[in-house]
Amino acid sequence: YLKTTKYKISKVLVYSLERFSRNENSIWLSGQLRKLGTEIISVTQPIDTSNPAGIMQQKMLFIFGEFDNQLRRQKCMAGIREHLLHGEWCAKPPVGYDIVQVNKERTIVVNETGQIIKKMFLWKAKERLSNVEIQKRLEAHKFKYNLRRIAEILSNPFYCGKMAHKALEGDILDGKHEKLITEELFLEVNNILAEKNICLLLLMYVFKI
């Protein structure tokens, strides 16, 4: 926006510089903004960035903010992993599931949309419908999913009771949530998807696409 606007934006106000340094490019981004004549101003950390000492102080606060965020992320991932190892999915479940409280315990159960998701797996496995054909059937049920979303759903092991998460570093564990389909049906669907991907790669190789 700052590169294209006709207005002169001299300052970007933030509550604190830690709120601006959520990822590793905050120092680079502040430099790019400075080239456009825009300074980042923290209302709780007044720093004069019109001189080299102030710029250096701001960069140091960016680094400290990034370091603090990384420590928090590390602790958060450790907590998530601990829950996953006990079969507990602590994030938002995929489409087709609801979170309910049963005897004051958090439980993930299949909802009405989940029954449509189950039909998607059956359409693929038993009728070998393409994702385009599945998309058309979903529209008849008032569901509008793009092809990418359909592919993501059909390849998500959560629906057969398994959990895959980056905190598990490649491991797949059994979850305590309600299964939507059997593991056999999930594997059957994904074998079909794998076959079609191999065929597509062969066609691309033959025709040099």
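Keep in mind that the numbers below use all heavy atoms, side chains included, and drop hydrogens, waters and symmetry copies. We number each residue from 1, following the sequence as shown. Bear in mind that the values here come from a model prediction, so they are computed numbers and not experimental data.
Between Tyr1 and Tyr7, some side-chain heavy-atom pair lies under the 4.5 Å cut-off.
Within a 6.0 Å sphere centred on NZ of Lys59, other residues, nucleotides and ligands contribute 12 heavy atoms or fewer. Around atom CD of Glu105, no more than 12 heavy atoms belonging to other residues, nucleotides or ligands sit under 6.0 Å away. Crowding of Gln101 atom CD: a count of heavy atoms from other residues, nucleotides or ligands under 6.0 Å exceeding 12. For Lys136, the NZ atom sits in a loose shell: 12 or fewer heavy atoms of surrounding residues, nucleotides or ligands are nearer than 6.0 Å. The 12-atom threshold is exceeded at NZ of Lys8, counting heavy atoms of other residues, nucleotides or ligands nearer than 6.0 Å.
Of all non-hydrogen atoms in Asn190 and Ser155, the two that sit nearest each other are OD1-CA, 3.5 Å.
Residue Ser30 holds its OG atom at 8.5 Å from CD of Glu39, rounded to the nearest 0.5 Å. The distance from the CD atom of Glu152 to the CZ atom of Arg148 is 5.5 Å, given to the nearest 0.5 Å. Atoms CG and CD1, on Asn131 and Ile153 in that order, are 10.0 Å from each other to the nearest 0.5 Å.
Under the 30°/60° scheme for interplanar angles, the aromatic rings of His177 and Tyr97 are found to stand perpendicular.
With respect to the salt-bridge test (charged N to carboxylate O, under 4.0 angstrom), the residues Glu133 and Arg128 do not qualify. Looking at Glu139 and Lys144, no side-chain N of the basic residue comes within less than 4.0 Å of a carboxylate O on the acidic one, giving no salt bridge. Salt-bridge check for Lys126 with Glu188: passed, with a basic side-chain N closer than 4.0 Å to an acidic carboxylate O.
Note on Ile41 and Leu33: separate hydrophobic clusters, where clusters join Ile, Leu, Val, Met, Phe, Trp and Tyr whose side-chain heavy atoms are under 4.5 Å apart, directly or indirectly. A single hydrophobic cluster is seen to contain both Val14 and Trp28, as judged by linkage of ILVMFWY side chains at heavy-atom distances under 4.5 Å, directly or through other members.
Side chains of Gln45 and Ser16: a donor-acceptor N/O pair is absent below 3.5 angstrom, by distance only.
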